[in-house]
Student: 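One structure coming up, written as structure tokens, with questions to follow.
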Amino acid sequence: MGKIRLFIDHPLAAGQPVPLTDGQAHYLSSVMRQGAGNEIAVFNGRQGEWRARIAALGRKGGQVDPVAQARPQQDPPDLWLVFAPIKKARTDFIVEKAAELGAARIIPVQTDHTNAERIRQDRLQAHAVEAAEQCGGTFVPPVDDLQSLVRLLDGWDAGRRILWADEALVGAARTLAALPRGPWAVLIGPEGGWSEAERGRLRALPFVTPISLGPRILRADTAAVAALALWQSAAGDWGDAEAPQD
Ligand code: SAH
């Protein structure tokens, strides 16, 4: 069994006990059969991973005592995922996988063919936290609330390039050979794909690079995973990843 890792939204310092949520206390005691004195790992998204001793554990709530930092903070490369939400379970999947694949920020957008009118930002954020807990990450990508793609592009900082997955390019020979360094975002459309108006706008933006994701049309969730993996491999932190510990 892997070690227990919990995200605790609280500053971490040796000897300064931090509270557990009711859900975490329940998970530790009832699911993981832990008790006072046991050691777990905690992280808060900013200060790396810490060894922490369970100081108190009840049905509701509890406390852990951070002992020492075990690993330094490791932030992902500056890559955002901008995607059009789809059905609930698949949207959850996209957020989970984006957190695992090292997205630094996750921005759901409403596009011309997006079916979703609202999202549960808190739920999606919780999925990102869970993914970080499970994949050994010390960073949790913030998940934004749903916003319109048009408005997002209106306020876009031209210094951040966009890798735009366009299904109209299915099968086109576009490679990722030379991606300039610097901040990027991956942009994935909804099940209904891009509208011609969106294509026109995106094609006209100088910081947008259209890409094909191969000879088959992928579902939006697959496309998000594939594009993030491509970027990480070509320009991200896959090349200089540390060997996993323990
Ligand atoms: N309904 C559309 C497909 C949408 S797929 C159609 O049948 O044409 C959902 C999103 O995944 C697309 O908007 C695009 O961002 C991405 N995507 C899927 N397959 C792709 C491919 N082969 N190349 C580039 N992008 C792709």
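Both counts, for ligands and for their atoms, begin at 1 and track the order of listing. Values in this document were obtained by computation on a predicted structure and should not be read as measured data. Numbers for residues simply follow the sequence, beginning at 1.
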Student: Where the closest heavy atom to atom 2 (C) of ligand 1 is concerned, which of Glu191, Arg216, His113 has it?
Tutor: Glu191
Student: Out of curiosity, Arg199 CZ to Asp166 CG, how far, rounded to the nearest 0.5 Å?
Tutor: 4.0 Å
Student: For Ile211 and ligand 1, answer yes if some heavy atom of the residue is under 4.0 Å from a ligand atom, otherwise no.
Tutor: yes
Student: Which residue supplies the protein heavy atom nearest to atom 17 (N) of ligand 1, what is that atom called, and how far is it?
Tutor: Ala223 CB, 3.8 Å
Student: Where the closest heavy atom to atom 7 (O) of ligand 1 is concerned, which of Ile188, Leu169, Ile217, Leu218 has it?
Tutor: Ile217
Student: Closest non-hydrogen protein atom to atom 13 (O) of ligand 1, residue and atom name please, with distance?
Tutor: Glu167 OE1, 2.8 Å
Student: Using a strict 4.0 Å cut-off to heavy atoms of Gly214, name the atoms of ligand 1 that fall inside it.
Tutor: 22 (N)
Student: Is the Phe207 ring parallel, tilted or perpendicular to the Trp156 ring (thresholds 30°, 60°)?
Tutor: parallel
Student: Who's closest to atom 15 (O) of ligand 1 heavy-atom-wise, of Ala165, Ala226, Gly171, Gly193?
Tutor: Ala165
Student: Is there a heavy atom of Pro190 sitting under 4.0 angstrom from any atom of ligand 1?
Tutor: yes
Student: Say you draw a straight line from CG of Leu81 to CG of Leu228; how long is it, rounded to the nearest 0.5 Å?
Tutor: 5.0 Å
Student: Taking 4.0 Å as the limit for heavy-atom contacts, which would you say applies to Asp166 with ligand 1: side chain only, backbone only, both, or neither?
Tutor: backbone
Student: Identify the protein heavy atom lying closest to atom 10 (C) of ligand 1, giving its residue, its atom name and the separation to 0.1 Å.
Tutor: Gly189 O, 3.4 Å
Student: Got a second to check how far Lys88's NZ is from Arg123's CZ, nearest 0.5 Å?
Tutor: 3.5 Å
Student: Scan Gln63, Arg53, His10 and name whichever one has a side chain to side chain contact (heavy atoms under 4.5 Å, CB included) with Pro17.
Tutor: Gln63
Student: Any Lys/Arg nitrogen of Arg201 or Glu198 sitting under 4.0 Å from an Asp/Glu carboxylate oxygen of the other?
Tutor: no
Student: CD of Gln69 to OG1 of Thr138: how many Å apart, nearest 0.5 Å?
Tutor: 9.0 Å
Student: Are Ile86 and Ile106 linked, directly or through intermediate hydrophobic residues, by side-chain heavy-atom contacts shorter than 4.5 Å (ILVMFWY only)?
Tutor: yes
Student: To check your reading of the model: name the closest protein heavy atom to atom 23 (N) of ligand 1, its residue, and the distance in Å.
Tutor: Leu213 N, 2.8 Å
